[in-house]
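One-based numbering along the sequence shown.
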Amino acid sequence: MPSMDEIYREHSKTIYRYLLSLTHDADVAEELTQETFYQAVKSIDRYDKSCKMTTWLCAIAKNSLAVYRRKHPVTDELSELPGTVASAESETLNALGQVELLRALHALAGDTREVLYLRLLGGLSFREIGDILSRTENWARVTYYRGREKLKGELDSDG
């Protein structure tokens, strides 16, 4: 098992981007990234390698965000653009205009929006997305493709 320092160096950017895509706030995403790794250190003995480290850390991040949101209800609209994009799919969609894309993503239903964020901005596989959201890989794949089609329709109707 790699050290927590190595795990942090390898996965912190992915966790940060994931949290940034959900919060749209760099400071909150950074705070929650730190909380995620704090919780990971506390519970590393429970990591059983039944899933990828990224999947396990994203699940912790999602739980950290849920705790944060209970204490700080979300009332702000999309205010910041996430930093970098992680996949060829997102770069293709990005050509349509990042602001328009993010507005359209933000308007999608919760599960669909989260699947698209995880895939496009987090660069995660459908299996990892299914694991994080406690669903099947097939559910993640179908939700992604339906969401992508809805997103294309929204962007086409705006343009």
Side-chain angles (χ1 to χ4, degrees), residues 1-87 89-90 93 101-148 150-151:
M1 166 86 70
S3 71
M4 280 307 293
D5 188 48
E6 292 169 327
I7 292 170
Y8 180 83
R9 275 189 262 121
E10 184 177 342
H11 300 286
S12 62
K13 287 181 183 177
T14 300
I15 299 304
Y16 173 78
R17 283 194 313 257
Y18 169 58
L19 289 164
L20 183 61
S21 74
L22 296 174
T23 64
H24 311 291
D25 184 316
D27 293 332
V28 171
E30 180 63 34
E31 178 183 334
L32 290 173
T33 299
Q34 297 306 316
E35 179 63 21
T36 297
F37 282 94
Y38 171 72
Q39 294 300 327
V41 167
K42 284 177 46 178
S43 60
I44 191 69
D45 58 317
R46 288 184 277 177
Y47 175 61
D48 62 5
K49 298 181 184 177
S50 63
C51 62
K52 286 186 174 182
M53 179 64 70
T54 305
T55 303
W56 183 67
L57 290 169
C58 282
I60 293 172
K62 185 176 179 185
N63 289 334
S64 296
L65 177 59
V67 168
Y68 178 85
R69 284 194 171 152
R70 280 193 292 277
K71 293 179 183 177
H72 307 91
V74 177
T75 56
D76 295 333
E77 288 298 314
L78 180 64
S79 61
E80 288 188 35
L81 295 175
T84 60
V85 290
S87 71
E89 290 172 306
S90 61
L93 286 173
L101 172 64
L102 289 170
R103 282 191 180 129
L105 270 169
H106 187 68
L108 294 172
D111 280 346
T112 303
R113 180 177 56 236
E114 193 161 1
V115 168
L116 284 160
Y117 280 149
L118 289 169
R119 181 73 176 170
L120 297 175
L121 301 174
L124 298 179
S125 70
F126 293 116
R127 182 176 187 192
E128 291 168 323
I129 293 168
D131 287 345
I132 290 166
L133 299 176
S134 301
R135 302 287 187 105
T136 65
E137 177 181 351
N138 191 50
W139 174 88
R141 189 178 304 277
V142 168
T143 302
Y144 170 78
Y145 285 109
R146 286 179 181 164
R148 190 179 71 178
K150 183 172 177 115
L151 192 61

Give me the atom names and distance for the closest heavy-atom approach of [X] to [Y].
{"X": "Cys58", "Y": "Ile132", "answer": "CB-CD1, 3.1 Å"}
{"X": "Arg141", "Y": "Phe126", "answer": "NH1-CD1, 3.2 Å"}
{"X": "Thr54", "Y": "Glu128", "answer": "CB-OE2, 4.4 Å"}
{"X": "Arg119", "Y": "Leu124", "answer": "NH1-O, 3.1 Å"}
{"X": "Gly130", "Y": "Ala140", "answer": "N-CB, 4.0 Å"}
{"X": "Thr33", "Y": "Ser12", "answer": "CG2-O, 4.0 Å"}

Practice problem: In sequence, state the C-alpha distance, the side-chain angles, and the governing distance for Ile129 and Tyr144, and then conclude on side-chain contact (heavy atoms from CB on, under 4.5 Å). | Solution: CA-CA 10 Å; Ile129 293 168; Tyr144 170 78; over 6 Å; no

Quiz item: Can Tyr18 and Leu57 be said to form a side-chain contact (heavy atoms from CB on, under 4.5 Å), step by step?
Solution: CA-CA 11 Å; Tyr18 169 58; Leu57 290 169; over 6 Å; no

Quiz item: Does any donor atom in the side chain of Asn138 or Thr136 lie under 3.5 Å from an acceptor atom in the other side chain?
Solution: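 No, no side-chain donor-acceptor pair sits under 3.5 Å.
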
Quiz item: Is the closest side-chain donor-acceptor distance between Tyr16 and Gln34 under 3.5 Å?
Solution: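 Judged by distance alone, the side chains do not pair up.
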
Practice problem: Report the C-alpha distance between Tyr38 and Ile60 in whole Å, list the side-chain angles of each, state the deciding distance to 0.1 Å, and finish with yes or no for side-chain contact (heavy atoms from CB on, under 4.5 Å). | Solution: CA-CA 10 Å; Tyr38 171 72; Ile60 293 172; over 6 Å; no

Determine whether [X] and [Y] make a side-chain contact, defined as any pair of heavy atoms from C-beta on separated by less than 4.5 Å.
{"X": "Arg146", "Y": "Thr112", "result": "no"}
{"X": "Leu32", "Y": "Leu22", "result": "no"}
{"X": "Lys62", "Y": "Leu133", "result": "yes"}

Quiz item: Aromatic rings His24 and Tyr117: how do their planes relate, parallel, tilted or perpendicular, breaks at 30° and 60°?
Solution: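 The arrangement is perpendicular - the two ring planes meet at more than 60°.
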
Practice problem: Determine, step by step, whether Arg135 and Asp111 satisfy the side-chain contact (heavy atoms from CB on, under 4.5 Å) criterion, reporting the C-alpha distance in whole Å, the side-chain angles of both residues, the deciding distance to 0.1 Å, and the verdict. | Solution: CA-CA 11 Å; Arg135 302 287 187 105; Asp111 280 346; 3.4 Å; yes

Which distance, rounded to the nearest 0.5 Å, do you find between the [atom1] of [X] and the [atom2] of [Y]?
{"X": "Glu35", "Y": "Tyr68", "atom1": "CD", "atom2": "OH", "result": "12.0 Å"}
{"X": "Ile15", "Y": "Met53", "atom1": "CD1", "atom2": "CE", "result": "10.5 Å"}
{"X": "Met4", "Y": "Arg9", "atom1": "CE", "atom2": "CZ", "result": "11.5 Å"}

Exercise. Look at the side chain of Arg127 and the backbone N and O of Glu137, then say whether any donor-acceptor pair between them is shorter than 3.5 Å.
Key: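 No, Arg127 side chain to Glu137 backbone: no donor-acceptor pair under 3.5 Å.
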
Quiz item: For Asp25 and Thr23, what are the C-alpha separation, side-chain angles and deciding distance, and is it a side chain to side chain donor-acceptor pair (under 3.5 Å)?
Solution: CA-CA 5 Å; Asp25 184 316; Thr23 64; 5.8 Å; no

